[in-house]
Amino acid sequence: MRAASPSPSLIPPPRVRAPRREWIGWQFGAPFAVVFVVVFIAPLAYALYLSLFQNRLIGGNAFVGLDNYATALGDSQFWEGFGRVVLFLLIQVPVMLGLALIAALAIDSARLYASGLFRMVIFLPYAVPAVVAVLIWGFMYGGNFGLTADINRMLGAEFLQPFSRSWILASIGNIVTWEFVGYNMLIFYSALKTIPVDLYEAAEIDGARGWQVVKAIKLPAVRGALVIATIFSIIGSFQLFNEPNVLKPLASNVITTYFTPNMYAYNLSFAGQQYNYAATVAIIMGVITAVIAYVVQLRGTRQEDR
């Protein structure tokens, strides 16, 4: 007698093998991830750890919570340096980006003779190391030697005083502008080169010329690049350190140890041995910089999407 075949509903479904996990992507990303953790996450975590402690004469390194942050937020020297870099940002960054945009538009206009040479000359200062650039300008700013001294002797008066209290920030701004106009010009020029030729042809058919083309086609095209350059410049302004630190021996009565927040943190750490408080100042400046840069990026993105 033939046995009855089992009902299809009683037959167990075949076992489906789980897909094998592929690690190829992780292998490609692992070198970057390791470097990112070592040079960014680990120092940031250690600085945050230091900011929560305080080295005391009695008791050694003691946990103090947010006491260092409360002290920093009430520190007049910190806020004086912060106000100085904010003033620097509000004046120097628009001037620098404006000059860079004008240079990019002039080179892209195809009316400038030897535009390639001008592009290289404007970009060349960025290739000079920052410390060397500051030393060059520091020599020219000197009141007893260099270009400034020669001009004052020619005029017969102390007309130019780059290291005076009222002019030192403008002198530093001039150095930073000289260094980074070419860098930002290249960003804007690259954005201009992505504009399709069809737009220029359509504008020419419509009778648009000169400033009309710049306003209707070129400026909208560089808006995204302008946002990026502005964010980089904001970050650079809050990180202002090299220029005042190198010029400090030449203007020691004007450039203080807390001239900028970065200089303040540096001197607290290496000169004052106050590593915990220096880490606190660095963390606060990092948070402020990140928030302001994010707000600028958000507003720039919204305007670009309109």
Side-chain angles (χ1 to χ4, degrees), residues 33-93 130 165 168-169 172-173 176 227-228 230-248 251-301:
V34 171
V35 173
F36 182 75
V37 170
V38 171
V39 305
F40 183 77
I41 300 297
L44 186 61
Y46 184 59
L48 185 61
Y49 165 80
L50 287 177
S51 69
L52 301 176
F53 288 81
Q54 194 175 88
N55 196 9
R56 296 174 174 173
L57 293 176
I58 300 176
N61 201 31
F63 178 78
V64 295
L66 300 177
D67 287 357
N68 288 329
Y69 291 92
T71 302
L73 293 177
D75 190 343
S76 60
Q77 293 183 339
F78 168 73
W79 288 114
E80 182 179 338
F82 178 78
R84 194 174 286 114
V85 294
V86 169
L87 178 62
F88 180 86
L89 186 156
L90 293 176
I91 297 176
Q92 187 270 335
V93 170
R165 192 172 300 276
I168 186 63
L169 203 59
I172 295 174
V176 176
V227 173
I228 294 174
T230 302
I231 293 173
F232 288 166
S233 300
I234 290 172
I235 295 172
S237 297
F238 282 126
Q239 292 179 345
L240 186 63
F241 175 79
N242 276 334
E243 290 77 12
N245 193 57
V246 175
L247 291 177
K248 190 178 184 304
S252 56
N253 295 329
V254 177
I255 300 178
T256 60
T257 57
Y258 52 90
F259 189 79
T260 69
N262 266 12
M263 282 188 66
Y264 190 33
Y266 174 83
N267 286 290
L268 282 171
S269 178
F270 291 96
Q273 305 297 313
Q274 301 181 49
Y275 305 112
N276 304 96
Y277 193 49
T280 304
V281 172
I283 291 292
I284 292 175
M285 283 304 302
V287 172
I288 293 174
T289 304
V291 170
I292 294 177
Y294 175 75
V295 171
V296 172
Q297 181 184 12
L298 194 63
R299 288 180 61 86
T301 304

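Just the heavy atoms: all of them, side chains too, but no hydrogens, waters or symmetry mates, feed the values below. All values reported here derive from a predicted model rather than from experimental measurement.
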Walk me through it: do L66 and L52 pass the test side chain to side chain contact (heavy atoms under 4.5 Å, CB included)?
CA-CA 6 Å; L66 300 177; L52 301 176; 4.3 Å; yes
Derivation and outcome, side chain to side chain contact (heavy atoms under 4.5 Å, CB included), residues R299 and V227:
CA-CA 9 Å; R299 288 180 61 86; V227 173; over 6 Å; no
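The distance from the CD1 atom of I172 to the CD1 atom of I255 is 4.5 Å, given to the nearest 0.5 Å. Atom CD of Q54 is separated from atom OG1 of T71 by 7.0 Å, given to the nearest 0.5 angstrom. In this structure, the separation between CG on L50 and CG on N55 is 10.5 Å, given to the nearest 0.5 Å. The line from CG of N267 to OG1 of T257 is 5.0 Å long, rounded to the nearest 0.5 Å.
Remark: the backbone N or O of A265 is not paired with any side-chain donor or acceptor of S269 at under 3.5 angstrom.
By the side chain to side chain donor-acceptor pair (under 3.5 Å) test, Q274 is found to be paired with no residue, residues two or more places apart in sequence or in another chain being considered. Listed by chain and residue number, F53 satisfy the ring-ring contact (aromatic ring centres under 6.0 Å, His included) test with Y49 (two or more places apart in sequence, or in another chain). By the side chain to side chain donor-acceptor pair (under 3.5 Å) test, S51 is found to be paired with Y69, residues two or more places apart in sequence or in another chain being considered.
For residues 270-292, every residue pair satisfying the ring pair (Phe, Tyr, Trp, His ring centres under 6.0 Å) rule, not counting sequence neighbours, is listed here: Y266-F270.
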Distance-only check: which donor-acceptor pairs under 3.5 Å involve side-chain atoms of residues 231-245, not counting sequence neighbours?
from	atom 1	to	atom 2	distance (Å)
S233	OG	A229	O	2.8
S237	OG	S233	O	2.9

Sequence neighbours excluded and cut-off under 3.5 Å, please list the side-chain donor-acceptor pairs for residues 82-92, or say none.
from	atom 1	to	atom 2	distance (Å)
R84	NH1	F259	O	2.7
R84	NH2	E80	OE2	2.9
Q92	NE2	T177	OG1	3.1

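Side-chain contact between I283 and L44 is present, with heavy atoms from C-beta onward closer than 4.5 Å.
Between the side chains of Y258 and D75, no donor-acceptor pair of N or O atoms lies under 3.5 Å.
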